[in-house]
Q: 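Got a structure here, written out as structure tokens. Questions coming.
The sequence lines fix the lettering, A, B, ..., with proteins before strands; numbering per chain opens at 1.
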Amino acid sequence: MPNKNKLLLVDGNSVAFRAFFALYQSLSRFKNSSGLHTNAIYAFHNMMGNIMDKEQPTHVLVAFDAGKTTFRHETFEEYKAGRSKTPSEFKEQMPYIREMCLALGIQYYELENYEADDIIGTLAKHVSKEEFDVVVLSGDKDLTQLADDHIRVEVTVKGVSELESYTPEHIREKYGLEPMQIVDMKGLAGDSSDNLPGVTGIGEKTAITLLKEYGSVEGVYDHIDEMKKSKRKENLINDKENALMSKELATINIEAPITITVDDLKYEGKDTEKLVALYKEMDFKTFLSKLDTGDYHDVSDELEEIIYEVVTEPTADMFEPGMSVYLEMLEDNYHLADIIGVTWGNEGKRYVAIGDEILSHEAMITWLEDDTLTKATYDAKAHIVALNRYGIQVKGVTFDSLLAAYLLDTNDKSEDLAEVAYHYDYKAIETDEKIYGKGAKRGVPEDEILTDHLARKVATLNYLAPVLKAHLAEKNQEKLFYDMELPLSFVLAKMEIQGIRVNAQTLMTMQQEFAVILTEIESRIYEMAGEEFNINSPKQLGVILFEKMQLPVIKKTKTGYSTAVDVLEQLKDQAPIVEEILHYRQIAKIQSTYVEGLLKVINPNDNKIHTRYVQTLTQTGRLSSVDPNLQNIPIRLEEGRKIRQAFIPREEGWEIFSSDYSQIELRVLADISQDEHLRQAFIEDQDIHTSTAMRVFDIANPDDVDGNIRRQAKAVNFGVVYGISDYGLSQNLGITRKEAKDFIDTYFEKYPGVKTYMKEIVREAKEQGYVETLWHRRRYLPDINSRNFNVRSFAERTAINTPIQGSAADILKLAMIEIDQRLEKEQLQATMLLQVHDELVFEAPSEEIPALEALVKDVMENIGTFSVPLKADSSFGPTWYEAK
DNA sequence: CATCTCACG
DNA sequence: ACGTACGTGAGATGT
């Protein structure tokens with residue numbers, strides 16, 4: 001039927017509750033000027049916006065629960081008892097959520113003695129199927145029982161945007177039940193959130209099995225005599241009353257005496273006037289600006305005027321020690337981005353220059369290059385690299401707010417200055433997105449807007465520096481900042497500027513060879529498949545393998561069949577095409593990501609690749625490398641490893657030299673756990689995986705540790721570092737969970753110090769809400785006390801892994817700083833080029849190699865003081881391929 | 001712009 | 001019973 005109507009019914013209470021917890025983390029940040037919490041209002045607004053956009057309903061209603069008691073309480077006094085008290089921060093927002101509905105042009109309704117579910121059920125089941133499709137939005141699954149051919153139930157999964165669609169098919173697939181049977185399942189299994197008792201000892205799984213056989217709760221009892229004598233049968237008989245009552249309570253009443261009809265619910269658009277008023281009351285500035293009513297400027301104008309001077313001819317008196325300085329670039333690749341403005345100043349004076357012309361003035365250059373004229377920045381590394389293009393060597397940076405903010409809270413990783421400032425209660429600046437726009441619209445605004453924004457940036461930096469310094473001191477992170485991250489950023493800047501030379505010819509030759517191979521494999525695959533298709537498309541490949549060729553489905557993804565390596569590995573023996581696909585994938589990856597990807601980013605001026613290290617991203621303190629990523633160049637498989645042949649020294653007669661830490665993470669673990677056996681193994685310089693194998697598998701002679709046993713021990717060692725779980729280990733080793741669990745138990749028995757460490761660090765995380773590395777790098781773990789098993793478990797593994805991975809990262813960072821100093825002091829030409837987590841790559845004249853080798857080894861092995869030795873191995877050769 | 005897959009430590 | 005190994009970045013596909 002053309003133009004069929006669509007009715008959207010929202011379970012207001014449960015969606016609001018979900019909204020509240022979706023932004024629970026940000027509770028303290030969402031407060032309006034009168035102190036009202038607004039996180040649930042904000043998230044509710046977004047959820048409604050999302051579903052309205054997606055569904056485009058013609059009719060909408062939000063239903064709310066009316067009061068504390070309903071007809072269900074007459075049946076069962078304890079209904080919904082035992083729920084933890086609704087937080088007051090949530091309760092205070094409910095009236096505004098109702099108001100928000102009206103402002104959005106959406107009716108809301110509640111009915112004495114009934115729940116929102118009943119209102120929704122009644123409307124959904126009574127509208128004409130010919131005229132209406134119905135979509136129900138809820139925060140819990142109770143409503144899924146309503147699903148039928150015309151009613152789809154959307155349940156919020158997590159966050160504000162993700163939904164799970166419950167159609168009758170989906171319910172059949174997920175539970176093997178019809179929607180109607182959901183209430184039978186609750187009857188048998190109960191529901192702890194509503195305090196429905198169900199039958200003792202029966203959970204969801206058992207309930208489903210029973211229902212598949214008997215159809216309903218009543219069906220189960222009709223056939224109860226046929227069941228074998230068992231504890232379960234006994235429980236069923238004893239709890240019959242409970243089962244029937246639970247089912248009754250879980251059943252939505254579709255005959256609620258509602259006084260509205262669907263005709264009252266027609267959606268006629270937002271009430272802009274009400275919305276503006278409400279947004280203002282809630283301090284929702286971004287929503288206001290999006291409304292585009294002209295009202296936004298009222299808010300914007302609330303920013304106090306900022307005083308600054310626009311400079312074209314800088315003079316020496318404009319520069320003083322202790323000023324902040326900021327260069328504006330609109331693209332993130334600062335190796336190439338245009339500088340569209342420069343600003344500097346202190347509390348008293350602020351200066352702004354448009355464009356980059358100012359950078360050719362002597363007074364400016366002298367100031368930037370003067371070590372004694374200290375300055376504070378926001379992303380010093382970007383500034384140093386960008387200014388290097390102008391021949392300016394920036395010196396005297398003594399503080400950086402971006403780095404400091406990252407150390408203070410790695411979760412808060414916005415790069416936008418306004419957002420960071422907001423976090424520290426500074427509001428006199430707009431976000432870059434607001435000023436410059438985003439996507440295709442991004443661009444340089446008119447002069448006055450630009451200079452105003454830049455002046456605000458320098459003002460913000462002046463505000464932030466003392467605030468952040470105080471926080472660093474409070475968290476005992478001053479050394480981490482001043483002796484590690486800040487000096488490291490200068491070293492990284494040098495490495496990025498230096499770049500690494502790449503032989504494009506080598507890559508182009510490979511490109512030709514791989515192209516031929518790919519065509520060959522392709523045609524073989526098409527022949528075996530009996531048709532041509534896009535091998536790169538998991539979707540199309542899935543159809544060929546699992547539908548056309550009928551191979552067994554081993555794993556599914558959210559959207560279809562999984563065709564990942566571990567799945568294909570298992571199918572290899574069943575069809576020859578699988579091996580070809582694996583080969584194709586391997587070569588295609590090398591070709592597109594590495595051969596073609598790297599060719600695209602070679603700078604034609606110097607034949608080098610200049611990556612950028614992101615110093616303020618990872619949760620553990622590692623670096624990341626982008627544009628391109630030089631930390632994931634292939635090595636494990638020979639075909640890919642050849643890519644490294646293209647990485648060469650910048651001069652004839654030079655070598656690529658590489659040095660990496662041996663087992664740095666396990667050594668760190670040995671040190672922080674103080675496990676005597678693990679420590680001893682390193683002190684005696686044993687092969688650690690062999691040593692683990694001997695202890696765990698009780699083998700006396702190292703010669704008796706064969707390859708397979710060592711491989712298993714290695715996996716266990718990895719598991720330990722990652723926060724081991726039996727399932728993870730079983731997956732990795734292809735063994736059963738029981739076997740994996742036995743390995744782990746034995747490991748903990750043989751390495752009791754490690755076990756104690758894990759228990760202690762998790763306990764500490766639960767108590768403090770964060771964990772730390774040896775250098776006080778901090779990671780907050782907001783989920784560590786979550787009631788959700790999965791979420792909590794993840795946080796626990798993170799608590800175990802982060803101090804290990806993070807301390808190892810700290811160690812290499814310190815080594816880099818010292819190596820940089822030593823290379824300078826000893827006046828070597830050798831240059832540090834790359835960092836790959838536990839490896840450093842250099843280039844050096846052949847004759848310097850022995851000196852470099854000694855220097856690097858000395859620094860790497862003697863950084864810090866540990867109860868186990870650190871060990872670094874090195875090698876060198878004409879390309880990176882040989883240097884390993 | 002999200003999803004899947006796969007490269008590295 | 002729960003459904004997972006820790007940390008990253010990038011290319012190709014398809015909505």
Side-chain angles (χ1 to χ4, degrees), chain A residues 54 161-162 189 202-207 410 439 533-542 555-568 581-582 585-598 600-601 611-614 617-637 639-641 643-644 660-661 663-665 715-716 718-733 737 740 744 779 787-806 808-809 812 834-839:
Chain A
K54 205 172 119 203
S161 57
E162 210 175 308
I202 292 189
E204 240 181 49
K205 291 278 147 93
T206 322
T410 52
F533 64 101
N534 189 340
I535 309 171
N536 287 317
S537 161
K539 197 177 166 197
Q540 296 182 33
L541 180 61
K555 203 164 75 181
K556 282 195 150 194
T557 66
K558 246 187 274 177
T559 51
Y561 313 108
S562 168
T563 64
V565 247
D566 57 319
V567 172
L568 297 187
I581 288 164
L582 283 167
R585 280 251 181 93
Q586 193 203 326
I587 305 294
K589 171 82 179 179
I590 300 168
Q591 181 78 314
S592 64
T593 307
Y594 298 104
V595 178
E596 287 166 356
L598 290 176
K600 267 185 237 161
V601 291
T611 185
R612 277 149 43 228
Y613 290 102
V614 186
L617 182 141
T618 70
Q619 299 294 319
T620 54
R622 277 190 175 180
L623 302 174
S624 89
S625 157
V626 293
D627 239 8
N629 181 356
L630 292 183
Q631 291 180 321
N632 71 345
I633 302 301
I635 188 163
R636 291 172 194 171
L637 298 170
E639 272 158 311
R641 190 175 194 160
I643 293 289
R644 293 178 176 232
D660 68 300
Y661 273 119
Q663 304 299 348
I664 181 81
E665 292 190 344
V716 173
F718 268 92
V720 167
V721 170
Y722 295 155
I724 201 154
S725 77
D726 50 7
Y727 184 86
L729 184 64
S730 73
Q731 285 289 298
N732 190 296
L733 281 175
R737 241 171 104 161
I744 294 166
R779 179 174 187 176
R787 273 94 43 220
N788 181 316
F789 175 88
N790 283 323
V791 173
R792 187 179 61 246
S793 303
F794 186 34
E796 288 172 359
R797 293 197 294 273
T798 310
I800 292 168
N801 174 263
T802 297
I804 302 172
Q805 191 184 117
L812 192 58
L834 304 175
Q835 190 256 38
V836 194
H837 309 309
D838 64 357
E839 173 192 8

Q: Looking across every strand, which nucleic acid part, if any, lies under 4.0 Å from A/I635 by heavy atom: base, sugar-phosphate, or nothing?
A: sugar-phosphate
Q: Has A/K558 got a side-chain N or O lying under 4.0 Å from the OP1 or OP2 atom of B/dT3?
A: yes
Q: So A/N629, base contact, sugar-phosphate only, or nothing? Heavy-atom distance under 4.0 Å.
A: sugar-phosphate
Q: Return the 5'-most residue of the pair A/A715, A/K205 with respect to DNA chain C, ranking by each residue's nearest nucleotide.
A: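 The 5'-side residue here is A/K205.
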Q: Is any side-chain N or O of A/T559 closer than 4.0 Å to OP1 or OP2 of B/dC4?
A: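 For B/dC4, OP1/OP2 do have a side-chain N/O of A/T559 under 4.0 Å.
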Q: Counting only side-chain nitrogens and oxygens, does A/T557 get under 4.0 Å of the OP1 or OP2 atom of B/dC4?
A: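 Yes, within the criterion.
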Q: Heavy atoms only, 4.0 Å cut-off, all strands: where does A/G719 land among base, sugar-phosphate and nothing?
A: base
Q: What integer distance in Å separates A/R792:CZ from C/dT4:P?
A: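 So the CZ-P distance, A/R792 to C/dT4, works out to 16 Å.
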Q: How long is the straight-line distance from CD of A/Q619 back to OG1 of A/T410, given to the nearest 0.5 Å?
A: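 Reported value, rounded in 0.5 Å steps: 4.0 Å.
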Q: Minimum heavy-atom separation for A/E665 and A/Q805, please, with both atom names.
A: OE2-CG, 3.5 Å
Q: Rounded to whole angstrom units, what separation is found between the CG atom of A/L630 and the P atom of C/dA10?
A: 10 Å
Q: Is A/Q731 close enough to C/dG3 that one of its side-chain N or O atoms is under 4.0 Å from OP1 or OP2 there?
A: no
Q: Please state whether the base of B/dC8 and the side chain of A/Q631 form at least one donor-acceptor pair under 3.5 Å?
A: no
Q: Quick one: is A/S624 getting a side-chain N or O under 4.0 Å of the C/dG7 phosphate, OP1 or OP2?
A: no
Q: Decide whether A/T618 and A/S624 meet the rule of one side-chain donor and one side-chain acceptor closer than 3.5 Å.
A: no
Q: Applying a 4.0 Å non-hydrogen cut-off, can you work out what A/D660 is touching in the nucleic acid: base, sugar-phosphate, or nothing?
A: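 Nothing, no nucleic acid heavy atom in range.
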Q: Could you check how far NZ of A/K589 sits from P of C/dT13, rounded to whole Å?
A: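 These atoms are roughly 13 Å apart.
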Q: When you measure only distances, ignoring hydrogens and angles, does the side chain of A/R737 come within 3.5 Å of the base of C/dG3 through a donor and an acceptor?
A: yes
Q: May I ask you to verify whether the side chain of A/S725 and the base of C/dT4 hold a donor-acceptor pair under 3.5 Å?
A: yes
Q: Across the strands shown, which category fits A/V721 at heavy-atom distances under 4.0 angstrom: base, sugar-phosphate, nothing?
A: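 No contact at all - A/V721 keeps every heavy atom at 4.0 Å or more from the nucleic acid.
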Q: Which part of the nucleic acid does A/D838 contact within heavy-atom distance under 4.0 Å: base, sugar-phosphate only, or nothing?
A: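 Sugar-phosphate contact only.
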Q: Grab the two heavy atoms, one from A/R641 and one from A/I635, that are nearest each other, plus how far apart they are.
A: CD-O, 3.5 Å
Q: Does A/K600 place a side-chain N or O at less than 4.0 Å from the phosphate oxygens OP1/OP2 of C/dA10?
A: no
Q: Determine whether a donor-acceptor pair (N or O, by modelled atom type, separation under 3.5 Å) exists between the side chain of A/T802 and the backbone of A/T620.
A: no
Q: Between A/S537 and C/dG14, does any side-chain N or O lie under 4.0 Å from OP1 or OP2?
A: yes
Q: So, is A/R797 close to the C/dC6 phosphate, meaning a side-chain N or O under 4.0 Å from OP1 or OP2?
A: yes
Q: Check the phosphate of B/dC8 against A/R622, side-chain N and O only, distance under 4.0 Å to OP1 or OP2. Yes or no?
A: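 No, A/R622 has no side-chain N/O under 4.0 Å of OP1/OP2 on B/dC8.
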Q: When the distance from NZ of A/K54 to P of B/dA2 is rounded to whole Å, what number comes out?
A: 14 Å
Q: Please give, in whole Å, the distance from C/dC6 P to A/Y727 OH?
A: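 That distance rounds to 13 Å.
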Q: Round to a whole Å and report the spacing from NZ of A/K556 to P of C/dG3.
A: 17 Å
Q: Ignoring backbone atoms, test whether A/R636 places a side-chain nitrogen or oxygen under 4.0 Å from the OP1 or OP2 oxygen of B/dA7.
A: no
Q: So, A/T206 side chain and A/I202 main chain: donor-acceptor pair closer than 3.5 Å or not?
A: no
Q: Without decimals, in angstroms, what is the distance between A/N801 CG and C/dT4 C1'?
A: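 Checked: the CG to C1' distance equals 13 Å.
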Q: Would you say A/S793 reaches C/dC2's phosphate, i.e. side-chain N/O to OP1/OP2 under 4.0 Å?
A: no
Q: How would you label the contact of A/I633 with the nucleic acid (heavy atoms, under 4.0 Å): base, sugar-phosphate, or nothing?
A: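 Sugar-phosphate contact only - A/I633 comes under 4.0 Å of backbone atoms but never of a base.
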Q: Base, sugar-phosphate, or nothing: which does A/S625 touch, judged by heavy atoms less than 4.0 Å apart?
A: sugar-phosphate
